[in-house]
There are 2 protein chains.
Amino acid sequence: MADPRERLEQLLRALKDQGHRLTPQRLAMLKVIARSEGHPGVEQIYERIKGDFPTTSLATVYKTVSLLKEMGEVLELSLAHVGNRYDGNKPYPHPHVICTKCGQILDPEFAAMAGISQEMARQTGYQITHHQLNFFGLCPKCQQDGQSA
Amino acid sequence: MADPRERLEQLLRALKDQGHRLTPQRLAMLKVIARSEGHPGVEQIYERIKGDFPTTSLATVYKTVSLLKEMGEVLELSLAHVGNRYDGNKPYPHPHVICTKCGQILDPEFAAMAGISQEMARQTGYQITHHQLNFFGLCPKCQQDGQSA
DNA sequence: ATATGTGCAAATGGTTTGCAGTGAG
DNA sequence: CTCACTGCAAACCATTTGCACATAT
């Protein structure tokens with residue numbers, strides 16, 4: 001995981017460079033997104049901001065997330081079960097392992113995707129720009145809970 | 001791709017075996033789903049049925065798709081851009097290559113996922129039950145359209 | 001005969017939008 | 001000073017649900 005402090009700097013610079021304004025609401029959001037602890041959804045981002053800056057509205061969070069998406073500074077995980085989640089710390093495609101019971105999300109190590117992506121491009125003639133790789137199952141804790149329950 | 005006729009038989013048997021009724025609406029749907037030509041969404045399934053059996057309602061399509069999902073007889077692709085799409089012909093996880101412009105979806109060949117899945121399980125301690133692997137980009141036709149336009 | 005399935009229309013829920021007011025630049 | 005941003009509330013849209021009727025078994 002990138003250093004959140006550094007990542008925050010990058011995000012601030014990206015905003016400024018593209019002529020967007022830095023409001024207190026956005027600063028609060030960017031702090032949350034720079035770490036993206038636990039791959040938060042819009043709702044979680046909203047909750048975490050309220051401490052920092054209580055008057056923010058959900059609509060604003062949606063708008064800023066959407067802006068960051070367009071800028072390529074957050075990765076959106078569209079997960080049917082769990083809703084949309086975001087990663088602004090590693091905003092490039094990478095695999096995720098998702099617990100279908102508690103919703104916990106991990107970033108496992110897996111380097112080979114670039115090669116596989118090329119192979120798919122060769123095989124299909126598509127010009128591949130990005131991908132999505134998600135594994136679903138039970139996390140160790142939920143496996144235990146299931147046994148004893 | 002599995003033979004649609006055979007696949008239809010399997011689906012009919014699965015319904016009956018699990019004590020569900022076979023209505024004309026369902027038969028019409030199952031025919032569409034057994035081939036799953038182009039990985040249709042609910043709306044497309046609905047459109048294709050109307051020829052065969054015009055009084056079907058959208059709600060019924062949703063209900064039956066949902067039933068088949070629970071039965072494990074269709075694979076749901078949750079695609080943010082393009083909406084939910086279904087594959088009732090190969091209802092187990094397999095990779096997809098999706099055109100972000102026209103929405104075309106291909107099933108490329110790629111055998112190595114089982115091994116990768118195991119590796120992820122070992123690395124994370126998760127009990128992995130299924131996965132999702134999607135590649136996004138431009139299909140050959142849309143690449144051309146983009147150049148000349 | 002019975003309860004599952006259908007079809008309508010209303011409810012839901014996450015996300016987007018319109019717009020008047022606010023504040024960053 | 002201006003225009004982008006905010007926040008509220010209304011609009012959206014895919015999906016789900018409730019319920020009375022129809023029908024597969």
Side-chain angles (χ1 to χ4, degrees), chain A residues 11-33 39-50 52-71 73-86 103, chain B residues 11-33 39-50 52-71 73-86 103:
Chain A
L11 288 171
L12 291 171
R13 198 171 316 122
L15 261 197
K16 170 179 285 190
D17 287 355
Q18 299 184 39
H20 300 292
R21 294 181 183 172
L22 180 63
T23 63
Q25 293 87 330
R26 282 190 176 169
L27 178 56
M29 273 197 67
L30 291 181
K31 285 182 190 168
V32 172
I33 287 182
H39 304 75
V42 169
E43 202 69 41
Q44 283 112 306
I45 296 172
Y46 178 60
E47 290 306 324
R48 292 178 198 177
I49 287 169
K50 288 210 289 198
D52 232 310
F53 197 87
T55 65
T56 314
S57 82
L58 240 195
T60 298
V61 178
Y62 273 105
K63 284 168 185 163
T64 297
V65 166
S66 180
L67 174 63
L68 292 170
K69 241 192 296 178
E70 282 167 32
M71 293 170 58
E73 299 292 343
V74 288
L75 177 72
E76 183 177 63
L77 316 192
S78 345
L79 303 174
H81 334 279
V82 157
N84 285 339
R85 303 290 210 88
Y86 299 91
Chain B
L11 289 171
L12 291 172
R13 198 170 316 121
L15 261 197
K16 170 179 287 188
D17 287 355
Q18 298 184 38
H20 300 291
R21 294 181 184 172
L22 179 63
T23 63
Q25 294 89 328
R26 284 190 174 168
L27 178 56
M29 274 197 66
L30 291 181
K31 285 182 191 170
V32 171
I33 286 182
H39 303 76
V42 169
E43 202 68 42
Q44 283 111 304
I45 296 171
Y46 178 58
E47 291 305 325
R48 291 178 199 176
I49 287 170
K50 289 212 289 200
D52 231 310
F53 197 87
T55 65
T56 315
S57 83
L58 240 195
T60 298
V61 178
Y62 273 105
K63 284 168 186 166
T64 297
V65 166
S66 180
L67 174 63
L68 292 170
K69 242 192 296 179
E70 281 167 33
M71 293 170 57
E73 299 292 342
V74 288
L75 177 71
E76 181 176 63
L77 315 191
S78 344
L79 303 173
H81 333 280
V82 157
N84 284 341
R85 304 291 209 87
Y86 299 90

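Side chains included, hydrogens not; waters and symmetry mates left out as well; all remaining heavy atoms used.
Under 4.0 angstrom from either OP1 or OP2 of D:dT15 there lies at least one side-chain N or O belonging to B:Asn84. Residue A:Gln25 places none of its side-chain N or O atoms closer than 4.0 Å to OP1 or OP2 of C:dG23. At the phosphate of D:dT15, OP1 or OP2 sits under 4.0 Å from a side-chain N or O atom of B:Tyr62. Contact annotation: B:His20 reaches the phosphate of C:dG5 (side-chain N/O to OP1 or OP2, under 4.0 Å). Checking the phosphate oxygens (OP1, OP2) of C:dG7, a side-chain nitrogen or oxygen of B:Thr55 falls inside 4.0 Å. Using a 4.0 Å cut-off, some side-chain N or O of A:Thr23 falls inside it from OP1 or OP2 of D:dT6. At D:dG7, one or more side-chain N or O atoms of A:Thr60 fall inside 4.0 Å of OP1 or OP2 (strictly under the cut-off).
If you check distances only, the side chain of A:Arg21 does reach the base of D:dC3 with a donor-acceptor pair under 3.5 Å. Judged by distance alone with a 3.5 Å cut-off, a donor-acceptor contact links the side chain of A:Lys63 to the base of D:dG7.
Atom CG of B:Leu15 and atom C1' of D:dT25 are 14 Å apart (whole Å). Residue A:Ile45 contributes atom CD1, which lies 11 Å from atom P of C:dT15 at whole-angstrom precision. Put simply, CD on B:Glu70 is 16 Å from P on D:dT15, counting in whole angstrom units. Here C:dG14 presents its C1' atom at 17 Å from NE2 of A:His81, a figure rounded to the nearest Å. As a whole-Å value, the separation of A:Tyr46 OH from D:dT6 C1' is 13 Å. Between the CG atom of A:Leu22 and the C1' atom of D:dT6 there is a distance of 14 Å, given to the nearest Å. Rounded to whole Å, atom C1' of D:dA4 lies 17 Å from atom CG of A:Leu27. As a whole-Å value, the separation of A:Gln18 CD from D:dC5 P is 12 Å.
Contact annotation for A:Leu58: no contact, since no heavy-atom pair falls under 4.0 Å across all strands. In this structure, A:Thr56 reaches the sugar-phosphate backbone alone: every heavy-atom distance under 4.0 Å involves primed, P, OP1 or OP2 atoms, never a base.
Counting heavy atoms from C-beta on, the side chains of B:Ile49 and B:Gln25 never come closer than 4.5 Å. With a 4.5 Å cut-off on side-chain heavy atoms, B:Arg13 and B:Lys16 do not count as touching.
Between B:Pro24 and B:Val42, the residue anchored nearer the 5' end of DNA chain D, judged by the nucleotide with its closest heavy atom, is B:Val42.
When atom types are taken as modelled, the side chain of B:Glu70 and the backbone of B:Leu67 share no donor-acceptor pair closer than 3.5 angstrom.
Rounded to the nearest 0.5 angstrom, B:Ile33 CD1 and B:Arg48 CZ are separated by 10.5 Å.
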* Step-by-step side-chain contact (heavy atoms from CB on, under 4.5 Å) determination, A:Leu22 to A:Leu12 -> CA-CA 8 Å; A:Leu22 180 63; A:Leu12 291 171; 3.7 Å; yes

